[in-house]
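Notes to accompany the following structure.
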Number of protein chains: 2
Amino acid sequence: MALGRGSSRGTQKGHEPVTGTDRPTSRDVARAAGVSQATVSLVLGDKWRGRVSPRTAESVRSAAVELGYRPNLAARNLRLGRTRTALLVVPALTNDYFARVYTGAARVAARNGVGVVLYPSPEGVGPAPDPFGSARAALDGVIASSMAVGALDAISGDPAAGTAGLPLVMLDSEPGAAGAAATVNLDLADGMRQVMDHLGALGHRRITHITAAVDSWTFHVRRRAFETAIVGLPGAVAGREPAGLSVDEGLQAARRALTAPGPRPTALVCDDDLLAVGACKAVRRLGLRVPEDVSVTGFDDLALATAVEPELTTVQLPADEVGARGMSALLGALDGRPPEPPDILPVHLAVRGTTAAPAEG
Amino acid sequence: MALGRGSSRGTQKGHEPVTGTDRPTSRDVARAAGVSQATVSLVLGDKWRGRVSPRTAESVRSAAVELGYRPNLAARNLRLGRTRTALLVVPALTNDYFARVYTGAARVAARNGVGVVLYPSPEGVGPAPDPFGSARAALDGVIASSMAVGALDAISGDPAAGTAGLPLVMLDSEPGAAGAAATVNLDLADGMRQVMDHLGALGHRRITHITAAVDSWTFHVRRRAFETAIVGLPGAVAGREPAGLSVDEGLQAARRALTAPGPRPTALVCDDDLLAVGACKAVRRLGLRVPEDVSVTGFDDLALATAVEPELTTVQLPADEVGARGMSALLGALDGRPPEPPDILPVHLAVRGTTAAPAEG
DNA sequence: CCTCGTTAGTGTTACGTATAACTTACCCGT
DNA sequence: ACGGGTAAGTTATACGTAACACTAACGAGG
């Protein structure tokens, strides 16, 4: 039954390719089953109904198993002109918002027989942060977070050209972003509004916004929404303190906000949970308490938010839904379906332990 | 100059492949530059020195740019019989230990012109968690964390067969694991020893080990090392409390440990930072203080460890070095070099705020 | 008996690339 | 003038697969 895997590698003329790990090919399976390669392709491709007898099909299948046949994906991709693989470009792996985005995207992709390759934009990983060279996988389409567009247009000035003409779905980016086949958005403005309503209702009037100093739409929106909300809050006094996206930067920014001359803010609204955690540390290092002396709010509802004490009041984002919709949109674009109207996913404020009414004063 | 991208798709007989996004091919570039396809391949493959005149080379290059030529990776992979792509299988994205492993691996890979595809073993993502179907990228080799072997042998009973005959490097796994071309290890036993020495020197004698209830070598080692250390500590009394790998499970386990009948442990040694953070919460919920009443130690030094207060005393792991060595080993195996002797990377205890001498009593 | 339709396959081709082997033109020394 | 050498390309494959177009065998209907 198990013929030797002869595979007459006849070098008559010309080329001689680098001989990789020579696995059995569909032709080897064909020889073993006593049929032609075309039949093997039909059977294993599950297109044999009514074209190959069940007996033959079964013998092909068992021969394939016998030899441990695995189709050569490179050959298949070349033949089909498509890879059924999508690239997901995210800014950071550590951030579990993106981990959840991936989960949602992967779920939808798996249901459609599509693979997902992750490309975390490198933080000094290599000299050429080229997703299409680095993740050398041949790709059908790209989903990118707005926070990672740097990785895309690092290749060329034009963000769209960065995807090399592949369909592109943008997440959390300006609706109708140039070059994108679709966009998936969160109602971040509403999230910030919920935060401000909550703080306003508690009685806070001196509020400092600790902003993420990252040039990304997701943060611009938060800032605009904060500014809109603060003018809608009678007698409110706003402050602003920019910070990089880390716990430590949040700590520094909060320290600056709390030790600045003038009346101390009673609430710190942070653009991100990392910043909020840092802010809480700053409050305590100044001998104050959260939330009795200073309320702190975050954004994103990372795992970190419920790990710290007190647990963070923050805005929960439906991250996996973002990933799932993004993948759906990409699959639609790949199938040539017209883009669906961009809908904006709702977000939800989770009130936890870092907000309370301000002390009298 | 810019000829139309004619690409006479002559369907004389037979096949007719699915016409994907028809990008320009090297033959189109050849036509535009007035040379043969072979010359284009030579020039763009940077193998033209002494075989093509500089003038011609330049005209080929500019024609390629003009047309926006991007080589078809599927075709290249097929021709070369290799993809220069490695798969990194990790248990979770959220855990920044693995994010750092990836960073290290990606750094080494980039230096060698190799791409890295991440495969986070899915938590209920799809029905068939098949890295080789899901990450449909054609692969040259696999690096897998021992904590993710489940994703590998989910495909077949045999962990090695899971990689479909590809070279496999195991991280943090039993040295000389079956089927692995190489293994990269951390001296976790020494890490645990450092923890115990530290606690012993502080005067702790009633110590409970909060173990990760995960069937992985990395945790077996920790447990064995704990048990070895405890017998080497005169008068020491050990406890053990298993927990799943999460903050909340750590909290539950610590609560059980602290409220069990008999004298209360003065120190909780946790297998993981997540557990340690949960343990700290449990201590405080019982009205006790960290570290005055109960000392807590973690393991891994996640970002979380310095986000909480007090900052966690924990064992720092050279995660990126693990990734880098793993990738080096894989590249070596791919080049047919004999495996280097498995070396064990040192780890280092970071003493921070959650450990102190126990109160008298 | 011939034709038609169905069943069960096979032969052949091209996807786009990299490279071994061949070719042609030109120059130099003797 | 002529052989040999080099520079500058070109030609011809083959990688493994999927699918179209073809064919051989066979039974049924007229």
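No hydrogens, no waters, no symmetry mates; every other heavy atom, side chains included, goes into these values. Chain A is the first sequence line, chain B the second, and so forth, proteins listed ahead of strands; every chain is numbered from 1.
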Q) Looking across every strand, which nucleic acid part, if any, lies under 4.0 Å from B:Thr39 by heavy atom: base, sugar-phosphate, or nothing? A) base
Q) Do B:Ser145 and B:Val101 come close enough that some side-chain heavy atom pair is under 4.5 Å? A) no
(Q) Show the nearest heavy-atom pair for residues A:Leu78 and B:Ala75, with the distance to one decimal. (A) CD1-CB, 3.7 Å
Q) If you look at every strand shown and take non-hydrogen atoms under 4.0 Å, does A:Ser41 touch a base, only sugar-phosphate, or nothing? A) base
Q. Do you know the tightest heavy-atom contact between B:Val89 and B:Leu87?
A. CG2-CD2, 3.7 Å
Q) How many Å lie between NZ on A:Lys47 and P on C:dG9, as a whole number? A) 18 Å
(Q) Using every non-hydrogen atom in the two residues, find where B:Val52 and B:Ala57 come nearest and quote the distance to one decimal. (A) CG1-N, 3.8 Å
Q. Quick one: A:Asn77 CG to D:dA19 P, roughly how many Å, whole number?
A. 13 Å
(Q) Under 4.0 Å, heavy atoms only, any strand: does A:Val35 hit a base, just the sugar-phosphate, or nothing? (A) sugar-phosphate
Q.
Is the shortest side-chain heavy-atom distance between A:Leu44 and A:Tyr69 below 4.5 Å?
A. yes
(Q) On DNA chain C, does the nearest nucleotide to B:Asn72 precede the nearest nucleotide to A:Thr56 from the 5' side, or the other way round? Give the residue. (A) A:Thr56
Q: Could you work out which one of D:dA8, D:dA18, C:dA8 sits closest to the side chain of A:Ser53?
A: C:dA8
Q: Could you tell me the separation between the CG atom of B:Leu78 and the P atom of D:dT17, rounded to a whole number of Å?
A: 9 Å
Q.
Rounding to an integer number of Å, can you tell me how far A:Arg51 CZ sits from D:dT23 C1'?
A. 12 Å
Q.
Counting only side-chain nitrogens and oxygens, does A:Thr25 get under 4.0 Å of the OP1 or OP2 atom of D:dC15?
A. no
Q. B:Val52 side chain: which of D:dT11, C:dT10, D:dG9 is closest?
A. D:dG9
Q. Atom CZ of A:Arg79 and atom C1' of C:dA14: how far apart are they, to the nearest Å?
A. 7 Å
Q | Atom-pair distance (CZ on B:Arg84; P on C:dT17), nearest Å | A | 18 Å
Q | B:Pro54 vs A:Gln37, nearer the 5' end of DNA chain D by closest nucleotide | A | B:Pro54
Q) Tell me: CG of B:Asp28 to C1' of C:dC15, nearest whole Å? A) 13 Å
Q | 5' priority, DNA chain C, between B:Ser26 and A:Gly50 [closest heavy atom] | A | A:Gly50
Q: Starting at atom CZ of A:Arg31, determine the distance to atom P of C:dT10, rounded to an integer number of angstrom.
A: 14 Å
